[in-house]
S.K.: 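One structure is given below, represented as structure tokens, and several questions about it will come after.
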Amino acid sequence: MKKNRHFSKKAQVQRARINNVEHLPPKKDRSFAKVNGGVFVYSKPLSVSELSEAINVPVGSIIKFLFMQGKAVTINQMLDDEMIGTLCLEFGYDFKKEKIVDEAHFEEIELEDDPSALQERPPVVTVMGHVDHGKTSIIDAIRESNVASGEAGGISQAIGAYQKTHAGKKITIIDTPGHAAFTAMRARGASVTDIVVLVVAADDGVMPQTVEAIDHAKAASSEIIVAINKMDKPGADSRKVKEELMAHDVIAEEYGGDVLMVECSAKTKKGLDELLDAILLKAEMMELKANPGRYASGTVLEANLDRGEGPKATLLVQNGTLNAADFVVVGEIYGKVRRMVNENGEVLKTAGPATPVSITGLSSVPSAGDRFMAFPSEKQAKDIAEKRALEKLLKTRSGTSALSLSDLNSLVTAGTVEDINVIVKADTEGSAEALKASLEKLSEDKVRVKVISASAGAISDNDVMLASASKALIYGFNVRPDARIKTLAEEEGVEIRLHRIIYELLDEMKAAIKGKYKAEVVEEVTGQAEVRHIYKITHVGTVAGSYVTSGLLKSGEKVRLLRDGAIVYEGTLESLKRFKDDVKEVKEGYECGLKIAGYNDLKLGDIVEGYEMVEKK
């Protein structure tokens with residue numbers, strides 16, 4: 001027997017097999033796979049040998065069974081979930097795959113509550129709509145205050161959220177400053193709104209911001225209730241509003257859809273009770289529940305630095321109960337809840353699910369959309385916050401997680417993309433609709449092009465934030481972003497693709513879908529200047545007194561003229577002057593005189609953009 005100790009590893013395996021005993025690798029940490037009461041529980045892909053050890057079945061038996069199923073595998077080959085499930089059932093085990101989440105990533109933890117511990121919670125509502133359609137007036141009427149005219153009505157609006165009690169039940173209403181803030185939260189992984197109340201004026205109908213609000217609500221997978229406001233006005237036409245909304249897939253119940261629509265007037269308060277009834281009815285259908293008996297978790301609605309109290313944050317508790325003196329991690333910071341108040345400034349000791357509160361005691365100011373969670377001890381909260389801060393720093397250094405066309409090409413090639421989200425901005429509504437239809441026709445069996453928004457006008461902050469939240473590409477057709485929008489897009493990791501020929505745009509997307517996209521020569525903007533003075537000079541033409549707002553302009557380079565974000569002319573920068581001298585270039589922050597070759601119809605406020613075609617490394 002002693003001689004066996006000197007056999008080679010191969011010889012030992014052969015001897016073991018001769019004696020019908022499988023040779024298994026040394027015992028290692030197998031916490032990712034174990035048998036628990038006849039159920040095989042695992043958390044990651046397993047090789048044949050790892051599964052063999054975990055369920056105590058010889059490797060040969062596993063390989064033989066798979067071979068009989070027409071699948072030839074080796075001892076180190078990785079098994080997919082379907083193979084693991086089939087093998088478990090074959091050898092007498094039930095199976096379950098668990099998702100193991102580090103406590104530092106607490107927003108990813110899928111909490112399973114005992115059904116008996118769940119209790120009904122208030123719905124969380126956001127009111128959105130086009131400017132001047134009565135969004136603020138409806139909020140004020142529901143709140144029974146008069147914030148719109150500057151009178152707080154006895155309510156100190158310390159936080160941008162409040163609760164209204166109707167028919168004995170609470171409704172939580174978030175007063176967001178606009179679509180950008182709503183989307184910024186979702187871009188950070190926060191899904192706080194259950195129901196969006198879309199306010200549409202009965203005398204005005206569906207407007208651009210109405211469509212934007214619909215896009216944002218759908219992208220957030222929120223239920224929609226339409227409040228048709230201003231029914232007291234002479235030109236009110238609710239049927240026209242309902243028919244216009246149908247074009248955007250917001251279909252009223254009476255037309256065969258599932259969207260509740262309520263006719264109301266914020267001015268006379270008629271229909272507001274019916275609107276609140278509709279919210280409660282929709283909430284009842286959604287069966288919104290939470291467990292108040294666990295540590296609190298939720299989202300930051302807003303935050304600021306108070307001179308007297310230090311960092312303050314408005315939190316929406318989404319699950320569990322937040323207690324005064326709890327230790328919390330908020331985003332990448334931590335603290336102890338020193339003081340907790342509601343929208344009326346009343347000090348609270350506890351706050352249950354769907355309750356908005358303002359707290360103090362954090363180590364610094366968090367960001368809107370950050371997630372928070374309470375923990376048993378200060379040490380645990382501090383350690384987790386430090387780990388999250390380090391991960392955020394490393395992620396920032398390594399770049400963004402947003403989707404570029406090159407990334408899309410790689411994902412399609414790897415077979416991992418199903419939906420491609422696209423936002424289209426064009427110079428006219430007709431072009432936008434035509435592009436939307438053409439892009440969506442490019443969809444294939446495994447890859448679908450989904451245009452989440454298509455509209456006319458310049459690329460805006462709102463478009464960039466929606467793209468960031470939806471991991472979408474922005475296609476600009478005959479429109480250009482200004483320097484501020486470009487900077488925001490770079491910060492958010494959003495790629496903006498600009499075209500003037502529809503076939504080139506479609507060919508580019510087609511190539512990306514096929515996994516054949518190659519970015520070789522790309523356009524690079526050198527700088528932008530704003531026209532501030534116009535000079536008509538005899539025998540010379542129109543000279544624009546301009547201020548370079550970003551980058552630099554070079555004499556003789558290609559330029560395009562932008563007016564309200566749309567391209568009106570493309571040509572060459574004929575000359576550049578500083579005072580009376582001709583210069584080769586003018587940098588950001590300096591004034592200059594410029595002339596575009598062959599073009600004299602310049603106007604105040606126009607943007608002159610210089611660009612060059614460069615080879616992408």
S.K.: Side-chain contact test, heavy atoms from C-beta onward, threshold under 4.5 Å: evaluate it for Val206 versus His248 and give yes or no.
M.R.: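 Yes, close enough: below the 4.5 Å cut-off.
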S.K.: Below 4.0 angstrom, N of the basic side chain to O of the carboxylate: do Glu223 and Lys282 qualify?
M.R.: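 Counted as a salt bridge, because a side-chain N and a carboxylate O are separated by less than 4.0 Å.
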S.K.: Spell out, as yes or no, whether a donor-acceptor pair under 3.5 Å connects the side chain of Asp204 to the backbone of Ala201.
M.R.: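 No, because the side chain of Asp204 does not come within donor-acceptor range (under 3.5 Å) of the backbone of Ala201.
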S.K.: Apply side-chain contact (heavy atoms from CB on, under 4.5 Å) to Val328 and Val337, showing your working.
M.R.: CA-CA 7 Å; Val328 291; Val337 180; 4.2 Å; yes
S.K.: Rounded to the nearest 0.5 Å, what's the gap from CE on Met261 to CD on Glu254? Could you check?
M.R.: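 CD of Glu254 is found 8.0 Å from CE of Met261.
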S.K.: Is it the case that over 12 heavy atoms from other parts of the model lie below 6.0 angstrom from the CZ atom of Arg239?
M.R.: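 Open.
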S.K.: Give a yes or no on whether Glu284 atom CD has more than 12 heavy-atom contacts from other residues, nucleotides or ligands under 6.0 Å away.
M.R.: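 At most 12 heavy atoms, drawn from other residues, nucleotides or ligands, come within 6.0 Å of this atom.
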S.K.: Side-chain donor-acceptor pair under 3.5 Å between Lys230 and Ser265, yes or no?
M.R.: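 The criterion, which ignores hydrogens and geometry beyond distance, is not satisfied for Ser265 and Lys230.
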S.K.: Testing Leu439, Leu505, Leu442 for side-chain contact (heavy atoms from CB on, under 4.5 Å) with Lys510, which one passes?
M.R.: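 Among Leu439, Leu505, Leu442, the one meeting side-chain contact (heavy atoms from CB on, under 4.5 Å) with Lys510 is Leu442.
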S.K.: Just checking Met286: does its CE atom have more than 12 heavy atoms from other residues, nucleotides or ligands closer to it than 6.0 angstrom?
M.R.: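 More than 12 heavy atoms, drawn from other residues, nucleotides or ligands, come within 6.0 Å of this atom.
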S.K.: Can you spot which of His166, Lys269, Lys164 makes a side-chain contact (heavy atoms from CB on, under 4.5 Å) with Ile142?
M.R.: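 Only match with Ile142 under side-chain contact (heavy atoms from CB on, under 4.5 Å): Lys164.
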S.K.: If you count every heavy atom of other residues, nucleotides or ligands that lies below 6.0 Å from Lys170 atom NZ, does the total exceed 12?
M.R.: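 No - once you tally the heavy atoms of other residues, nucleotides and ligands closer than 6.0 Å, there are 12 at most.
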S.K.: Can you find a side-chain donor-acceptor pair between Glu212 and His130 that sits under 3.5 Å?
M.R.: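 Short answer, no.
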S.K.: Is the number of heavy atoms from other residues, nucleotides or ligands under 6.0 Å of Asp564 CG greater than 12?
M.R.: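 Result for CG/Asp564: open.
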S.K.: Taking all atoms of both residues into account, what is the closest heavy-atom pair of Gly352 and Thr321, and its distance?
M.R.: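 Heavy atoms only, the tightest pair is CA-OG1, 4.2 Å.
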S.K.: May I ask you to test the Met231-Lys270 pair for a side-chain heavy-atom distance under 4.5 Å?
M.R.: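 Sidechains of Lys270 and Met231: no contact.
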S.K.: Before giving the answer on side-chain contact (heavy atoms from CB on, under 4.5 Å), spell out for Leu301 and Leu315 the whole-Å C-alpha distance, their side-chain angles and the decisive distance to 0.1 Å.
M.R.: CA-CA 6 Å; Leu301 298 179; Leu315 309 179; over 6 Å; no
S.K.: Within a radius of less than 6.0 Å around CD of Glu253, do more than 12 heavy atoms belonging to other residues, nucleotides or ligands occur?
M.R.: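 Yes.
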S.K.: One pair to check against side-chain contact (heavy atoms from CB on, under 4.5 Å): Phe95 and Leu89. What are the steps and the verdict?
M.R.: CA-CA 8 Å; Phe95 61 95; Leu89 294 175; 3.9 Å; yes
S.K.: Would you say the side chain of Val424 lies within less than 4.5 Å of the side chain of Ser453, judging by non-hydrogen atoms?
M.R.: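 No, side chains not in contact.
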S.K.: Between Asn462 and His216, is there a side-chain donor-acceptor contact under 3.5 Å, judged purely by atom types and distance?
M.R.: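 There is such a pair between these side chains.
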S.K.: Does any part of the side chain of Thr350, heavy atoms only, come nearer than 4.5 Å to the side chain of Leu322, both counted from C-beta?
M.R.: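 Heavy-atom side-chain distance check fails, nothing below 4.5 Å.
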S.K.: Between Asp140 and Ser137, do the side chains contain an N or O donor and an N or O acceptor separated by less than 3.5 Å?
M.R.: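 Checked: Asp140/Ser137 side chains show no N/O donor-acceptor pair below 3.5 Å.
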S.K.: Around atom NZ of Lys169, are there more than 12 heavy atoms from other residues, nucleotides or ligands closer than 6.0 Å?
M.R.: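 No, because the 6.0 Å sphere around NZ of Lys169 holds 12 heavy atoms or fewer from other groups.
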S.K.: Taking all non-hydrogen atoms of both residues, which atom of Phe372 and which atom of Leu316 are closest, and how far apart?
M.R.: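 Looks like CE2-O, 3.6 Å.
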S.K.: Evaluate the side-chain proximity of Thr172 to Pro356: yes if any heavy-atom separation is below 4.5 Å, no if none is.
M.R.: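 In contact.
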S.K.: Nearest 0.5 Å, what's the OG-CD1 distance between Ser443 and Ile420?
M.R.: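 These two atoms lie 7.5 Å from each other.
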S.K.: How about Asp461 and Leu488: do any of their side-chain heavy atoms sit closer than 4.5 Å?
M.R.: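 Yes, side chains in contact.
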S.K.: Please report the interatomic distance NZ(Lys312) to OG1(Thr314), rounded to the nearest 0.5 Å.
M.R.: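 Output value for this atom pair is 7.5 Å.
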S.K.: Tell me whether Asn342 contacts the main-chain N or O of Gly345 through its side chain, where contact means a donor paired with an acceptor under 3.5 Å.
M.R.: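 Yes; judged by distance alone, with no hydrogens or angles, the pair exists.
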S.K.: Please report the closest heavy-atom contact between Ser238 and Glu263, naming both atoms and the distance.
M.R.: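 The pair with the smallest heavy-atom distance is OG-OE2, 2.8 Å.
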S.K.: Given 3.5 Å as the limit, does a donor-acceptor pair link the side chain of Asp194 with the main chain of Val124, or not?
M.R.: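 Judged by distance alone, yes, a pair lies under 3.5 Å.
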S.K.: Show the nearest heavy-atom pair for residues Ala432 and Ala454, with the distance to one decimal.
M.R.: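 Here Ala432 and Ala454 meet closest at O-CB, 3.9 Å.
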S.K.: Taking C-beta and beyond as the side chain, do Phe477 and Arg500 meet within less than 4.5 Å on heavy atoms?
M.R.: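 SC-SC contact between Phe477 and Arg500 ruled out.
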S.K.: For the pair Asp237 (side chain) and Lys240 (backbone), establish whether a donor and an acceptor sit closer than 3.5 Å, ignoring hydrogens and angles.
M.R.: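 Present.
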S.K.: Any idea which heavy atoms bring Ile459 and Pro481 closest together, and the distance?
M.R.: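 Closest pair (atom of Ile459, atom of Pro481, distance): CD1-CD, 4.2 Å.
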S.K.: Under 3.5 Å, is there a donor-acceptor pair between the side chain of Thr193 and the main chain of Val125?
M.R.: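 No, Thr193 side chain to Val125 backbone: no donor-acceptor pair under 3.5 Å.
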S.K.: Run the side-chain contact (heavy atoms from CB on, under 4.5 Å) test on Leu198 and Ile214 for me, step by step, so that the C-alpha distance in whole Å, both residues' side-chain angles and the decisive distance to 0.1 Å come before the verdict.
M.R.: CA-CA 8 Å; Leu198 181 67; Ile214 292 169; 3.6 Å; yes
S.K.: Please check: side-chain N/O of Thr355 versus main-chain N/O of Ala351, any donor-acceptor pairing under 3.5 Å?
M.R.: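 A pair under 3.5 Å: no.
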S.K.: Taking atom CG of Leu498 and atom CD1 of Ile567, what is their separation to the nearest 0.5 Å?
M.R.: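 The CD1 atom of Ile567 is 7.5 Å from CG of Leu498, to the nearest 0.5 Å.
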S.K.: Salt bridge between Asp463 and Lys425, side-chain N to carboxylate O under 4.0 Å?
M.R.: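 Yes, Asp463 and Lys425 are salt-bridged.
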S.K.: Do side-chain atoms of Ser438 reach the backbone of Leu435 as a donor and acceptor pair under 3.5 angstrom?
M.R.: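 Answer holds: no.
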S.K.: Apply side chain to side chain donor-acceptor pair (under 3.5 Å) to the pair Thr299 and Gln318, showing each step before the final yes or no.
M.R.: CA-CA 7 Å; Thr299 303; Gln318 291 173 274; 2.6 Å; yes
S.K.: Looking only at non-hydrogen atoms, find the nearest pair between Ala426 and Ser431 and report the distance.
M.R.: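 Reported closest heavy-atom pair: CB-CB, 3.8 Å.
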S.K.: Could you tell me whether the side chain of Ile171 reaches within less than 4.5 Å of the side chain of Leu276, counting heavy atoms only?
M.R.: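 Counting from C-beta outward, Leu276 and Ile171 do come under 4.5 Å.
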S.K.: Charged N to carboxylate O below 4.0 Å: is that the case for Glu440 and Lys450?
M.R.: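 Answer for the salt bridge query: no.
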S.K.: Any donor and acceptor pair, going by atom type alone, linking the side chain of Ser470 with main-chain N or O of Leu466 inside 3.5 Å?
M.R.: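 The answer is yes, because a donor-acceptor pair under 3.5 Å joins these two groups.
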S.K.: Asn478 vs His499, test: side chain to side chain donor-acceptor pair (under 3.5 Å). Steps then yes/no.
M.R.: CA-CA 6 Å; Asn478 280 338; His499 287 272; over 6 Å; no
S.K.: Return yes when atom CD of Glu82 has more than 12 non-hydrogen atoms of other residues, nucleotides or ligands closer than 6.0 Å, and no otherwise.
M.R.: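 Open.
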S.K.: Strictly distance-based, threshold 3.5 Å: is any side-chain N or O of Asn319 a donor or acceptor partner for the main-chain N or O of Asn291?
M.R.: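 Looks like yes, one N/O pair under 3.5 Å.
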S.K.: Under 3.5 Å, is there a donor-acceptor pair between the Arg339 and Thr360 side chains?
M.R.: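 Thr360 and Arg339 do not have a side-chain donor-acceptor pair below 3.5 Å.
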S.K.: Hey, could you give me the CD1/CD1 distance between Ile279 and Ile173, rounded to the nearest 0.5 Å?
M.R.: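 Nearest 0.5 Å value for the CD1-CD1 distance: 5.5 Å.
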S.K.: Side chain of Asn229, backbone of His133: donor and acceptor closer than 3.5 Å?
M.R.: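 Yes, Asn229 side chain to His133 backbone: donor-acceptor pair under 3.5 Å.
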S.K.: What's the separation between atom CG in Leu362 and atom CD1 in Ile333, rounded to the nearest 0.5 Å?
M.R.: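 It is 4.5 Å, given to the nearest 0.5 Å.
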